[in-house]
Each structure stands twice: as C-alpha cells, then as structure tokens.
Novice: 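My structure is below; once you've seen it, I'll send some questions.
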Protein chains: 2
Amino acid sequence: MPTIHDVARLAGVSIKTVSNAINDYPYMRPATKQKVIDAIAELGYRPNLTARNLRSGRSGLLSLIIPDLRNAYFAELADSVMRAADAQGLSVIIEQSGGEKDRELALLHSDRAQLADGILYSAAGLREDEAHLLTSVSTPIVLLGEHILHGPTDHVTMQNVEGARAATEHLISLGRTRILALGARAGQTDGSAGLRLTGYMQALDEAQLPFDPALVVDIVGWYRFTGADAMRRILASGIKFDAMVAFNDAIALGAMRVMQEFGIRVPDDVAVVGYDDIDEAQYSLPTLSSINPGRDEIATVAIRYLTERIASEVPLAPRDHLSQFELIVRESSR
Amino acid sequence: MPTIHDVARLAGVSIKTVSNAINDYPYMRPATKQKVIDAIAELGYRPNLTARNLRSGRSGLLSLIIPDLRNAYFAELADSVMRAADAQGLSVIIEQSGGEKDRELALLHSDRAQLADGILYSAAGLREDEAHLLTSVSTPIVLLGEHILHGPTDHVTMQNVEGARAATEHLISLGRTRILALGARAGQTDGSAGLRLTGYMQALDEAQLPFDPALVVDIVGWYRFTGADAMRRILASGIKFDAMVAFNDAIALGAMRVMQEFGIRVPDDVAVVGYDDIDEAQYSLPTLSSINPGRDEIATVAIRYLTERIASEVPLAPRDHLSQFELIVRESSR
DNA sequence: GCTCAACTCTACAACGTGGGAGATCCCGCG
DNA sequence: CGCGGGATCTCCCACGTTGTAGAGTTGAGC
C-alpha cells in the first residue's frame with residue numbers, strides 16, 4: 001500500500017502538498033496539482049482512512065443497534081437507515097441486541113461502539129426509567145422506537161397512537177363493531193403496544209363503540225408464531241369478533257393463517273389491518289392492509305439529527321420527531 | 001475523552017506501562033498494574049480504537065456486500081454473518097449493492113471498503129468472466145453465492161445442484177411426474193438458477209422421467225411478485241403440472257398465492273418445494289417445504305476463510321466450501 | 001524600484017497507540 | 001562481593017494523515 005510519502009517522493013513535492021491536492025486546497029499551481037494527481041494514479045495511492053480518522057477524530061461510521069435483522073421490520077428499517085446514511089457518505093455498522101437489556105447496554109459501552117461517530121439506538125430491552133444510563137455514553141445517540149420516549153437525547157419515531165386509531169377507524173367505517181386488538185402488553189401504556197392500544201381505544205370512543213377487554217389480546221414477542229398461537233387461543237375461547245387490528249404485520253399474518261385454517265374468511269368474516277407495512281403485506285393471501293409508519297422519513301430524520309449532534313460543539317436539547325404515517329388498504333379489509 | 005497519557009500521569013507511570021497493563025504484558029508488578037487499573041477506572045479511560053487500528057493496521061471490521069437487505073434470504077445471511085463475526089470479536093459493515101455491477105465494483109474500490117480488513121462479497125451483478133476485476137482489490141475477499149464460481153479467491157456457498165435434486169426427488173417420491181421448475185434463467189448454467197436447474201434435471205433423469213422444456217419457467221428477479229406473475233402466465237398457458245420446485249422461497253410463496261387464488265390446492269393438486277428455508281416458510285399457509293442451504297455454516301466458514309486470509313503473510317490459493325443442506329418437508333409437499 | 005498582499009509550498013508537530021531497545025533493579029549463585 | 005540474567009519499567013519512534021506556522025515567490029500599485 002503506497003502512502004502519501006510515496007506519492008510525495010514520486011511527485012517531487014512535500015507530503016503536505018499531496019495532502020493539499022487531495023483536499024482541494026485552493027492555493028496550488030495547476031502544474032503542481034497535476035504532478036500529484038499523476039503520481040497518485042501511477043502508484044494507485046488511496047488515502048488511509050484510519051489515519052485520516054485518527055487525525056480528524058471522526059470515523060464516518062454510525063452504529064445501528066437493533067434487536068434482530070431477521071425481523072422484517074428491522075431489516076427494512078436497516079435498509080432505510082443505510083440508504084439515508086449512504087446519501088451522507090456514512091457507513092453503518094449494524095449490531096444485533098436480541099432485544100436483551102444487558103446486551104444492549106454492553107453494545108452501547110463496548111469498545112466497538114466507540115469507533116462509531118454516533119449511535120442509532122432502537123431500544124427493546126431498556127426501559128424508560130433506565131434512560132439515565134444513556135447519559136454515561138459520550139457518543140451521540142439518537143433513539144428510535146418507543147421504549148424510551150423521554151430520554152436525554154433525540155427521539156425519532158412513528159405516530160403510534162394516530163396510526164392505530166386510523167386503522168381502527170377504518171375497520172369501524174366498514175361497519176365492524178367487535179374489533180380484536182392483537183398484540184397488547186399487560187400494563188404497558190408507553191411502548192408501541194401501549195400507544196397503539198391507546199389509539200385503538202380512542203377510535204372506539206369516538207365511534208361510541210363499547211370497549212370489551214376480552215377483545216384485547218396480550219402477546220409477548222411480535223412474531224408470526226406468537227400471532228398464530230394467540231389466534232388459536234382466541235378461537236378456542238369462543239370470543240366473537242368481526243375485525244382485527246394487529247399491532248404489527250407479523251402477528252397479523254400469523255393470526256390470519258390460523259383463521260384460514262379454521263375456515264374463517266378474510267375479510268368477509270373478519271377484516272384485518274396490520275401495522276408496519278412490511279414488504280410481505282403486499283404478497284400475503286389475502287394482501288394485508290397496514291399502516292405504513294414512514295420508515296424512510298424516520299431514517300432520514302434520525303440520520304440528520306445524529307449528524308447534527310455529532311457536528312455540534314455544544315450539547316443539544318433533546319428533540320422529538322414523529323413521522324407521517326399512511327393507511328394502506330388492501331384485500332384484508334376491503 | 002481521557003487518553004493513555006492521562007492515565008499514565010495519574011498512575012505515575014509511563015504510557016507504555018499503561019499500554020502494557022491493558023495488553024496483559026506479563027512482566028509487571030501486581031502493584032503497578034493495580035495502580036494503572038485504578039487510574040483507568042477513575043478516569044473512565046477507554047482505548048482509542050482508531051489509534052490502535054492505525055498502529056496495528058487492522059480495524060476489526062468486515063464489509064459484507066449484498067444486493068438488498070429487504071430480501072429475506074440476505075437479511076438472514078447477514079444475521080448469520082454478524083453472529084459468526086461477533087463470535088470472533090469482529091464488526092460488520094453492510095453495504096447494499098442493489099445487485100448492480102457498477103455499484104458492486106464501486107463498493108469494492110471505495111475508500112470506505114478499504115477501512116475493512118476483509119470483504120465478504122455476495123456478487124449479483126458481476127459475472128464469472130469479470131472475476132479478474134477482483135484481483136485489483138488488495139483487501140482480502142471471500143466470495144459468497146454462485147455468480148462467481150472460480151474467482152481468484154475463496155468461495156463459500158451451498159450445494160445447489162444436490163439441493164435442487166433432493167427437492168425434485170422428494171416430489172417424485174410423492175408420485176408426481178409433471179414438475180414445474182420455477183425460476184430458471186435462460187441460457188444460464190452457472191449461477192444459482194443454472195445449478196438448481198441442473199439438479200432438477202438430474203433427478204428427472206435418474207427417475208427416467210421425461211424432461212419437458214415447457215415445465216421450465218424463466219424468472220428474472222426472484223421476488224414474490226415475479227413468482228406470482230410467472231404463475232399467472234403458466235396458468236394462462238394451460239400447461240398441466242402436479243408439482244413445483246421453486247428456486248427460492250419468495251417465488252414459491254408468490255406462486256402459491258396465485259394458485260390458491262385460482263382454487264388450486266397445495267399440496268393436493270400441486271405439491272411445492274422452495275429453496276432457502278427462510279423464516280417465513282414456517283408460517284405460510286400451507287407451510288412451505290424447502291431446502292435449508294446451511295446459512296450458519298456458510299457464514300462461519302466464510303468468516304474463518306476470511307480471517308485466515310487477513311492473517312496470512314503469503315497469498316493463499318483459492319479454496320472452495322460447500323455447506324451441508326437439508327430438505328425440510330412441510331405441509332406444501334406432504 | 002519598493003511595499004505589501006496574495007499566492008504557493010514546506011517543515012514540523014500532533015492525533016493515541018504499541019513495538020523495540022535499552023535502562024534499572026533485584027536475586028541467586030559462585 | 002561481583003556477576004549474569006530475568007523482571008520491570010521507560011524512552012523513542014512509527015503508523016499515515018492534516019493543521020499550523022512560516023518561508024519563499026510573484027505581481028499589482030505607486
């Protein structure tokens with residue numbers, strides 16, 4: 001690997017002149033610059049980023065901490081984040097926490113995380129009341145998702161209450177009255193589950209529909225199989241319902257599958273709306289109505305907040321951003 | 001951020017002694033080491049990885065170049081790779097190429113890629129006859145997937161021919177005789193499509209079943225919607241078939257969805273086997289039989305090859321590794 | 001022809017760490 | 001008591017880059 005010294009020697013100039021040429025320093029004779037350029041080409045020289053990073057104190061790397069890439073929502077979020085980062089010339093190191101608090105904290109404090117200029121942190125294990133643990137991290141952080149709403153730093157997320165309300169209103173507008181809320185979490189009022197439940201209840205209230213606690217189904221872990229399991233329990237219990245708001249697409253798909261096993265028709269017998277609008281919602285049978293939470297907007301704003309934090313000399317006050325959502329109506333609720 | 005100098009000053013020793021303490025240099029008095037440890041704790045010192053990287057010439061970063069994270073196969077591959085890397089204390093920078101040749105090459109030669117100690121390269125755009133372009137990259141590379149089989153470096157992949165043959169044999173064993181091969185690519189004999197087609201044909205041969213070219217369906221781009229589109233064309237054409245080997249799970253799921261729209265029962269009318277065994281195969285309706293290609297093994301071996309290449313003083317001869325596959329029989333072919 | 005500012009380039013230092021070589025100390029042994 | 005050798009620690013420097021300061025050059029204006 002040739003270094004800047006080799007280029008300087010070949011071009012017959014000082015290393016600083018080579019550096020100047022690379023960095024478009026204005027006060028250079030064109031002839032000198034050309035000599036440097038030629039030497040760079042001849043040697044195939046490329047600047048050593050590590051050295052540059054050491055000098056500048058920046059690495060151009062962001063760390064994205066998410067629970068699990070196999071979860072389609074996070075894979076698509078990662079995709080959005082990487083595209084937004086790429087547009088800024090930044091690279092992304094993805095770290096999987098498995099949603100475990102200990103591992104999340106370990107990742108935040110790991111030597112590896114410290115290599116990144118900033119951290120996009122989609123907390124799953126850490127709770128609101130543990131948010132103060134974040135202040136001990138000197139690397140700028142932007143929070144994604146719901147688990148920490150009022151942390152010591154910026155927070156970018158989706159309109160959970162409004163999205164769930166829109167989904168529920170949509171089902172009500174179809175004339176449905178007994179609407180399952182699939183994916184609640186006992187006692188949780190913040191977090192995605194709690195917020196979406198709030199939206200669900202707001203919609204019922206508005207429409208003056210009675211709230212039946214039996215229609216609210218707790219699920220720990222939003223995966224296809226937990227959705228399927230929950231639906232089996234519901235059907236076994238004999239509860240009647242004519243619609244379902246699922247708090248993410250995975251459990252909606254799992255539950256739909258079980259309903260179909262039991263001969264329940266979607267949307268005729270039960271209309272279904274999911275949440276997240278993952279790619280698969282377009283290809284399930286029937287295609288799944290869903291709330292598109294505005295992932296690209298979340299990613300873009302999060303990266304902007306984070307780069308601003310990185311660049312800022314002074315501590316910034318925490319900011320909040322809620323992305324635009326959109327109800328996508330497909331076959332499952334038509 | 002305290003540096004090693006601050007620690008040295010506080011502990012009353014030289015910076016090298018601090019360095020020695022951190023790196024478990026054996027010849028130290030326990031008392032000295034303790035002083036250093038105390039000082040580190042008091043200051044909250046953490047070694048600067050960038051400086052360490054510059055000094056050592058290693059970054060502990062690997063670059064994983066894949067077409068698209070939104071594709072479940074690659075998301076799950078990335079997951080496996082990150083776990084395998086994590087076990088070695090390495091971080092992974094994921095770069096999405098979109099499957100475009102120009103972007104793939106740009107990524108290989110980008111300054112950012114140069115930050116990584118090694119590259120895991122899942123080529124999609126680059127062809128076999130362009131493999132020589134890889135030799136101009138000085139960073140160690142390990143190839144994943146089929147697009148370049150005999151490149152200038154290690155290659156880790158799955159047993160495509162054998163897997164597709166096993167899938168086809170399984171369908172034949174169910175008494176099926178007119179088996180669609182969904183996902184071929186005209187004229188391609190290498191690449192996943194070509195290899196899997198070869199396995200399909202071998203199984204037919206062995207069973208002395210006739211080969212009907214009409215049953216081989218080309219698909220460009222293996223997504224749910226291309227699988228769905230292809231199936232619509234097939235049904236429109238009136239070709240008769242009683243089974244289907246799809247060359248990945250996404251097109252299998254897309255095609256199944258269309259079959260069900262048309263009232264074709266899976267597996268009664270048409271038995272289906274996919275390829276890749278993505279998570280979703282366990283949750284579709286019906287659940288999808290598939291070939292588990294051994295992703296974890298691919299990831300582990302690829303990381304091992306790559307770290308060996310990185311550590312090696314001398315150029316290594318290209319190696320090949322084929323992972324173990326497994327036929328997973330589920331409802332779609334039972 | 002002189003002055004001054006702008007232009008062009010260079011030497012040096014510094015970012016934070018770890019390798020190498022050497023200085024000092026201590027202990028056992030003859 | 002002197003010596004050899006291991007134990008322990010320090011000094012110096014290099015990794016490759018860029019910021020700072022300044023030296024030397026050029027040219028416009030008078």
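Just so we're on the same page: letters track the sequence lines, and every chain starts at 1.
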Novice: Measure from CD1 on A:I4 to C1' on C:dA14 and round the result to the nearest Å.
Specialist: 15 Å
Novice: With a 4.0 Å cutoff (strictly under), does any side-chain N or O of B:Y25 reach OP1 or OP2 of C:dT17?
Specialist: no
Novice: Round to the nearest Å and state the distance from B:L43 atom CG to C:dG16 atom C1'.
Specialist: 15 Å
Novice: Could A:K35 and A:D38 be called an ion pair, given the rule that one side-chain N must be under 4.0 Å from one carboxylate O?
Specialist: no
Novice: For B:K35 and D:dT10, what is the distance between atoms NZ and C1' respectively, to the nearest whole Å?
Specialist: 13 Å
Novice: Measure from OH on B:Y45 to C1' on C:dG18 and round the result to the nearest Å.
Specialist: 10 Å
Novice: Is a salt bridge present between B:R309 and B:D117, judged by a nitrogen-to-oxygen distance below 4.0 Å?
Specialist: no
Novice: Just to verify, which of B:D79, B:V81, B:D86 counts as forming a side-chain contact (heavy atoms from CB on, under 4.5 Å) with B:R83?
Specialist: B:D79
Novice: Which residues in residues 47-59 of chain B have at least one heavy atom lying under 4.0 Å from any atom of DNA chain D?
Specialist: B:L54, B:R55
Novice: Give the nucleotide from the list D:dT8, D:dT18, C:dT17 with an atom nearest to the side chain of B:H5.
Specialist: C:dT17
Novice: For DNA chain C, which residues of residues 9-20 of chain A approach it to below 4.0 angstrom with any heavy atom?
Specialist: A:V13, A:S14, A:K16, A:T17, A:N20
Novice: In terms of side-chain heavy atoms, does A:S80 have a donor or acceptor partner in A:D296 at a distance below 3.5 Å?
Specialist: yes
Novice: Just the rounded figure in Å: distance from C1' of C:dT17 to CG of B:N23.
Specialist: 9 Å
Novice: Would you kindly give the CE-to-P distance between A:M1 and D:dA14, to the nearest whole Å?
Specialist: 22 Å
Novice: Before accepting this row, confirm whether a basic side-chain N of the pair A:D6/A:R9 lies closer than 4.0 Å to the acidic partner's carboxylate O.
Specialist: yes
Novice: Output a table of donor-acceptor pairs, distance under 3.5 Å, between side-chain atoms of residues 21-29 of chain A and any protein atom two or more places apart or on a different chain; print 'none' if there are none.
Specialist:
residue : atom : partner : partner atom : Å
A:N23   : ND2  : A:S19   : O            : 2.7
A:N23   : ND2  : A:S19   : OG           : 3.4
A:D24   : OD1  : A:K33   : NZ           : 3.0

Novice: From CD1 of B:I40 over to P of C:dG16, roughly how many Å is that when rounded to an integer?
Specialist: 16 Å
Novice: Looking at B:Y27, I'd like to know whether one of its side-chain N or O atoms comes within less than 4.0 Å of OP1 or OP2 on D:dA7.
Specialist: yes
Novice: Do NZ/NE/NH1/NH2 and the carboxylate oxygens of B:R319 and B:D154 come within less than 4.0 Å?
Specialist: yes
Novice: Is there a side-chain contact between B:K101 and B:E130, using heavy atoms and a 4.5 Å cut-off?
Specialist: yes
Novice: What is the distance from CG of A:D111 to C1' of C:dG16, rounded to the nearest Å?
Specialist: 14 Å
Novice: Output the distance between atom CG (B:L62) and atom OG (B:S59), rounded to the nearest 0.5 Å.
Specialist: 7.5 Å
